[in-house]
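Reckoned from all heavy atoms, side chains included, excluding hydrogens, waters and symmetry mates. Both counts, for ligands and for their atoms, begin at 1 and track the order of listing.
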Amino acid sequence: RPVVAEEGPPATLSPADNGTTSHPNGTLRQLPHIIIIGVRKGGTRALIEMLSLHSAVAAAQNEVHFFDWESHFQKGLPWYLSQMPFSFPDQLTVEKTPAYFTSSKVPKRIHQMNPDIKLLLILRDPTERVLSDYTQVFYNRLQKHKRYQPIESVLVKDGEINLGYKALNRSLYYIHMQNWLKYFPLGSIHVVDGDELIRDPFPEVKKVERFLKLEPQINASNFYFNKTKGFYCLRDHGRERCLHDSKGRAHPHVAPAILQKLYQFFHQPNKKFFELVGRTFNWN
Ligand SMILES: Nc1ncnc2c1ncn2[C@@H]1O[C@H](COP(=O)(O)OS(=O)(=O)O)[C@@H](OP(=O)(O)O)[C@H]1O
């Protein structure tokens, strides 16, 4: 059960409220039991949609940005609660905000709300994630008719990897993970392999179901490969749907020599991450 910590945000819930707001049909809003903390472009939307196939899961529609945006955090837990979907008391509520993973103040704040919360972290090959991150910003700028720099000029400065490029830092997973492990035991954080979730989602989703101690319910038949999209899509009670067009975009071409530099750049950080979590991933 989520608890309200002593040092929590300014407006805390009254004891009578106990973290829930009820509705006449027996549903209520509950603080999340599960948070998908990131990583940005890791496959967080796919993961929350896939998890929502389970009848015991109620997912918040939008990214809430409660713990990372001061303007939201200052509103306190009652506001956070008001962002949650209505659910039945035995359902688990989940929200996803990919920016949480790389925001240093977030782990402490989530821990203060509920030290027993279950965290899901979906990661992808760090280089691939950088390209996906660049592509996202590229499209955002395109939409706003703003200028954008070609990928190679943001990745490289004076012939070397440009350490000032923010997207690179977001892919240094061990740095951020260390921060989370100051507050949560490894057993509270399940790392989902985002590359596998793309390649063959069902086994990855089953692992999540087990981690959350949910009754096995999600089936192989809930997934089908859509050739046009080039990704798996979902089948839920006979209804078929793919993720939005903004998910699964083509990435820019990068010269092989630069790509090689990037792989090399991430080699040591990746090793540090593997040591931290006691498992390896099939990253370049
Ligand atoms: N089934 C399925 N369909 C479509 N897309 C899928 C799927 N599974 C994982 N992905 C990958 O999810 C990537 C987007 O990640 P996020 O949802 O975490 O992005 S965001 O941070 O919320 O913007 C997105 O990244 P891009 O390929 O760069 O667009 C996808 O590769």
Judged by non-hydrogen atoms, does Thr135 sit under 4.0 Å from ligand 1?
-> no
Checking side chain to side chain contact (heavy atoms under 4.5 Å, CB included) against Val192, which of Met50, Glu204, Arg124 comes through?
-> Glu204
Please lay out, stage by stage, how Tyr232 and Phe202 fare under the test side chain to side chain contact (heavy atoms under 4.5 Å, CB included).
-> CA-CA 10 Å; Tyr232 275 88; Phe202 179 56; over 6 Å; no
Element-labelled atoms of ligand 1 that are located less than 4.0 Å from some non-hydrogen atom of Glu63 = 22 (O)
Going by distance only, is there an N or O of Pro98 that falls short of 3.5 Å from an N or O of ligand 1?
-> no
Backbone or side-chain N or O of Ser132 under 3.5 Å from ligand 1 N or O = yes
What residue and atom, counting heavy atoms only, is the protein's closest point to atom 2 (C) of ligand 1, and at what distance?
-> Phe231 CD2, 3.6 Å
Give the intermediate values and the outcome of side-chain hydrogen bond (donor to acceptor under 3.5 Å, both in side chains) for residues Asp68 and His65.
-> CA-CA 6 Å; Asp68 61 327; His65 285 282; 2.8 Å; yes
Has Glu128 got any heavy atom lying under 4.0 angstrom from an atom of ligand 1?
-> no
Are Tyr134 and Leu155 close enough that some pair of their side-chain heavy atoms sits under 4.5 Å apart?
-> no
In this structure, atom 19 (O) of ligand 1 is nearest to the protein heavy atom Lys247 NZ, 3.2 Å
Is any side-chain heavy atom of Tyr173 closer than 4.5 Å to a side-chain heavy atom of Phe281?
-> no
Polar proximity ligand 1 side, Met50 side, N/O cut 3.5 Å exclusive = no
Between Trp180 and Tyr100, is the gap from one ring center to the other below 6.0 Å?
-> no
